[in-house]
Q: 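Submitted below is the structure of interest, expressed as structure tokens.
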Amino acid sequence: MGQPTVTTGVTQVDGVRLHYLRAGSGPLLVLLHGWPQTSDCWQPVLADLAADHTVVAPDLRGYGLSDKPSTGYDKRRMAADMAGLVEALGFETTAVVGHDRGARVGHRWALDRPDQVERLAVLDIVPTREMFRRLDASLASGYWHWLFQMQPDLPERLVGTTYAGISSTSSSGGPITGTG
């Protein structure tokens with residue numbers, strides 16, 4: 001038996017174009033990548049999983065070949081993107097495997113849409129609530145990048161105004177005055 005054909009597609013969900021890989025046939029299995037990856041991270045396992053599933057591996061909003069809007073990067077919005085993608089592809093239910101950030105999106109999706117997510121596997125994450133409950137100096141030093149990126153406008157200011165994809169105004173509405 002030959003390898004399943006992997007196709008690519010783009011579907012618009014609530015005004016955002018979502019790129020995805022698709023292979024196989026059978027019950028739907030959605031694979032959600034982590035940060036800073038794309039759907040391509042699933043290539044090594046795609047064919048095996050597609051032997052008895054329809055496998056869809058999307059690029060989350062802001063990643064890979066999907067649109068990169070200026071807002072909507074909370075897990076609830078990203079989970080709604082995935083729910084809309086599944087519906088647009090003609091499926092009612094799915095199993096979900098999420099890695100890293102994709103696991104957080106998958107978890108939120110399962111909480112918001114238990115009618116749609118039949119099974120969920122989360123890989124390589126510490127649950128967010130547990131991580132913050134146990135936050136101390138040692139943990140903060142290991143996850144410093146999370147705390148850094150949570151600072152309003154600071155990462156954008158340090159990158160500067162000429163970085164592609166960063167607007168000239170901050171999330172608080174004021175101008176970004178970095179050295180670009």
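For this chain, numbers begin at 1 and follow the sequence in order. Just so it is clear, the values below take in all heavy atoms, side chains as well, and ignore hydrogens, waters and symmetry mates.
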Q: Taking only residues two or more places apart in sequence or in another chain, which ones pass side chain to side chain contact (heavy atoms under 4.5 Å, CB included) with Ala47?
A: Gln3, Pro4
Q: Tell me, please, which residues at least two apart from Asp136 pass salt bridge (Lys or Arg N to Asp or Glu O under 4.0 Å).
A: none
Q: Which salt bridge (charged side-chain N to carboxylate O under 4.0 Å, His left out) pairs, counting each pair once, include a residue from residues 30-56, with sequence neighbours left out?
A: none
Q: Not counting sequence neighbours, list each pair that qualifies as a side chain to side chain donor-acceptor pair (under 3.5 Å) and has a residue in residues 103-117.
A: Arg76-Asp112, Glu87-Arg113, Arg104-Thr128, Arg108-Asp112, Trp109-Gln116, Arg113-Asp115
Q: Only counting residues at least two apart or in another chain, list the ones meeting ring-ring contact (aromatic ring centres under 6.0 Å, His included) with Tyr73.
A: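 If we apply the ring-ring contact (aromatic ring centres under 6.0 Å, His included) test to Tyr73, skipping adjacent residues, there are no hits.
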Q: Partners of Gln151 by side chain to side chain contact (heavy atoms under 4.5 Å, CB included), sequence neighbours excluded?
A: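 If we apply the side chain to side chain contact (heavy atoms under 4.5 Å, CB included) test to Gln151, skipping adjacent residues, the hits are Leu154.
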Q: Listing request: all ring pair (Phe, Tyr, Trp, His ring centres under 6.0 Å) pairs with a residue in residues 82-101, at least two apart in sequence or in separate chains.
A: none
Q: If the condition is side chain to side chain contact (heavy atoms under 4.5 Å, CB included), which residues does Glu130 pass it with, not counting sequence neighbours?
A: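 Result, side chain to side chain contact (heavy atoms under 4.5 Å, CB included) vs Glu130: Pro127, Arg133, Arg134.
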Q: Kindly list each side-chain donor-acceptor pair under 3.5 angstrom involving residues 10-17, sequence neighbours excluded, with atom names and distances?
A:
residue, atom, partner, partner atom, Å
Asp14, OD2, Arg77, NH2, 3.1
Arg17, NE, Asp67, OD1, 3.1
Arg17, NH2, Asp67, OD1, 3.2

Q: If a pair satisfies ring pair (Phe, Tyr, Trp, His ring centres under 6.0 Å) and one of its residues is in residues 17-46, list it, with sequence neighbours excluded.
A: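 Sorted result for residues 17-46: His33-Tyr63.
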Q: State whether the number of non-hydrogen atoms from other residues, nucleotides or ligands found under 6.0 Å of Phe148 atom CZ is greater than 12.
A: yes
Q: Holding to side chain to side chain donor-acceptor pair (under 3.5 Å), I want the full list of residues that pass it with Ser39, two or more places apart in sequence or in another chain.
A: Asp59
